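Single-structure report; data block below.
Only this structure's heavy atoms are used, side chains among them; waters, hydrogens and symmetry mates stay out. As the structure is a prediction and not an experimental result, all values here were calculated from the model.
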Amino acid sequence: LRSGEKKKKKKKEKEEEGDMKIAVTPMDAAGHLNPLLALCTKLKDMGHEVKFFLKTEMNEEHLKKFGFGTHMFGKRGLSFTKEEMYEVIPPYELQDETDKLIPDHFLYGFATIGEMLPKVLDGLQQFGADLVIYDQTQAHGPIAAYLLDIPCVAMITLPGFNVYPILMGRHTEKEKNSSIEEFKCSRFLQKYYKDFQEQYGFDLFDQFVPASYFLRSGLQICTGIEEFDLKMPPVFKDLYGGMDGECKYVGPMFLTDEQGRVSSMSHGPKCEHQ
């Protein structure tokens with residue numbers, strides 16, 4: 001058999017035997033994490049090994065308590081206060097006008113991708129991941145899956161496929177159409193874009209919309225209701241055109257406290273100017 005056919009045969013055998021190694025990259029927010037926990041609990045009960053790759057230690061002990069493996073790729077002790085954030089990005093008052101168009105948490109996220117991604121790549125390879133399941137807003141999982149050619153699943157916990165975080169607060173077509181260009185033009189992020197492209201050989205914006213990280217070769221599942229989804233904005237059709245029609249809507253995923261439901265957590269730092 002050719003190499004690709006061998007991989008497919010091996011993957012199918014693992015699925016049937018119930019011993020896949022599944023890596024999960026969540027977002028540390030209750031509304032995002034609970035559906036992932038519900039899905040992963042079912043997968044674990046089926047006999048698959050599930051390991052959560054974590055940016056913070058916020059939920060590490062909770063996940064271990066319910067039988068999940070964990071791998072920390074972020075720095076321990078970080079609480080993502082404004083003070084910690086402004087050690088990485090300039091305070092708003094010192095930002096270039098091109099940077100002020102982008103929320104601080106997006107600036108911070110892009111600035112730290114290069115630092116954290118090698119740890120995710122190493123962790124996935126050491127784990128021997130057969131599948132990556134990731135929260136759609138988190139970049140590390142889909143980028144690593146793309147680079148390592150690992151099958152992946154995006155978990156969308158927003159109302160629909162076409163609900164894009166970077167368009168929140170943008171109501172006119174002109175505002176929506178400028179969203180990607182504003183990210184590309186950020187003066188502060190130019191160095192990070194260049195470093196990423198030199199190291200990994202591709203432009204992030206050729207593959208992804210920020211905070212809506214979908215791969216055409218992957219599967220997208222959504223906990224919303226398909227009839228409530230919006231129309232895809234024209235600005236994203238070159239990247240994601242047709243993918244919204246292929247998204248699988250699974251409805252709400254419920255989890256009891258006994259199964260590990262997370263009921264509350266910190267909302268993180270608030271930026272008064274944005």
**Study point:** Arg76/Glu60 under salt bridge (Lys or Arg N to Asp or Glu O under 4.0 Å): CA gap, chis, key distance, verdict
**Key:** CA-CA 11 Å; Arg76 292 191 178 276; Glu60 186 177 24; 2.8 Å; yes
Practice item. Could you give me the CA-CA distance, side-chain angles and deciding distance for Tyr200 and Leu121, then say whether side chain to side chain contact (heavy atoms under 4.5 Å, CB included) is met? Key: CA-CA 12 Å; Tyr200 297 109; Leu121 291 168; 3.8 Å; yes
Review point. Do Gln220 and Ile156 pass the side chain to side chain contact (heavy atoms under 4.5 Å, CB included) test, and can you show the C-alpha distance, the side-chain angles, and the key distance before you say yes or no?
Key: CA-CA 7 Å; Gln220 280 64 235; Ile156 306 169; 4.2 Å; yes
Review point. Under the salt bridge (Lys or Arg N to Asp or Glu O under 4.0 Å) criterion, do Arg216 and Glu246 qualify, and how do the steps go?
Key: CA-CA 10 Å; Arg216 194 170 289 277; Glu246 299 171 354; 5.4 Å; no
Exercise for review: Mind running side chain to side chain contact (heavy atoms under 4.5 Å, CB included) on Ile113 and Phe196 for me, showing each step along the way?
Suggested key: CA-CA 9 Å; Ile113 285 176; Phe196 183 93; 4.1 Å; yes
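Taking the centre and axis of the six-membered ring of Tyr92, the NZ or CZ atom of Lys100 falls inside the cone set by 45° and 6.0 Å.
Between the side chain of His48 and the main chain of Met20, a donor-acceptor pair closer than 3.5 Å is present. Proximity of a side-chain donor or acceptor of Asp99 to a complementary backbone N or O of Gln95 within less than 3.5 Å is not detected. Formation of a donor-acceptor pair under 3.5 Å by the Ser212 side chain with backbone atoms of Val209 is not found in this model. No donor-acceptor pair closer than 3.5 Å links the side chain of Asp96 to the backbone N or O of Arg187. Of the possible donor and acceptor atoms, one in the side chain of Glu175 sits under 3.5 Å from a partner among the backbone N and O of His171.
At least one side-chain heavy atom of Val250 sits less than 4.5 Å from a side-chain heavy atom of Met253. Counting heavy atoms from C-beta outward, Gln138 and Lys55 have side chains that approach closer than 4.5 Å. Proximity of Leu219 to Lys248: side-chain heavy atoms (C-beta onward) are separated by under 4.5 Å at one or more points. Considering only heavy atoms from C-beta on, Phe214 stays 4.5 Å or farther from Leu239 through its side chain. When side chains are defined from C-beta on, Phe202 counts as touching Tyr146, because their heavy atoms get closer than 4.5 Å. Two residues are said to be in side-chain contact when any heavy atoms from C-beta on lie closer than 4.5 Å; Thr25 and Asp135 fail this criterion.
Ring centroid separation for the pair Phe183 and Phe110 comes in under the 6.0 Å cut-off. Between Phe236 and Tyr240, the ring center distance fails the sub-6.0 Å criterion.
With respect to Glu84 and Lys75, no salt bridge is recorded, no charged nitrogen being found less than 4.0 Å from a carboxylate O.
Residue pairs meeting the ring pair (Phe, Tyr, Trp, His ring centres under 6.0 Å) criterion with at least one member in residues 113-143, sequence neighbours excluded: Phe73-His140.
Aromatic ring orientation, Tyr164 versus Phe161: perpendicular (interplanar angle above 60°, classes split at 30° and 60°).
Looking only at atom types and distance, the side chain of Thr112 has no donor-acceptor partner in the side chain of Glu115 under 3.5 Å away.
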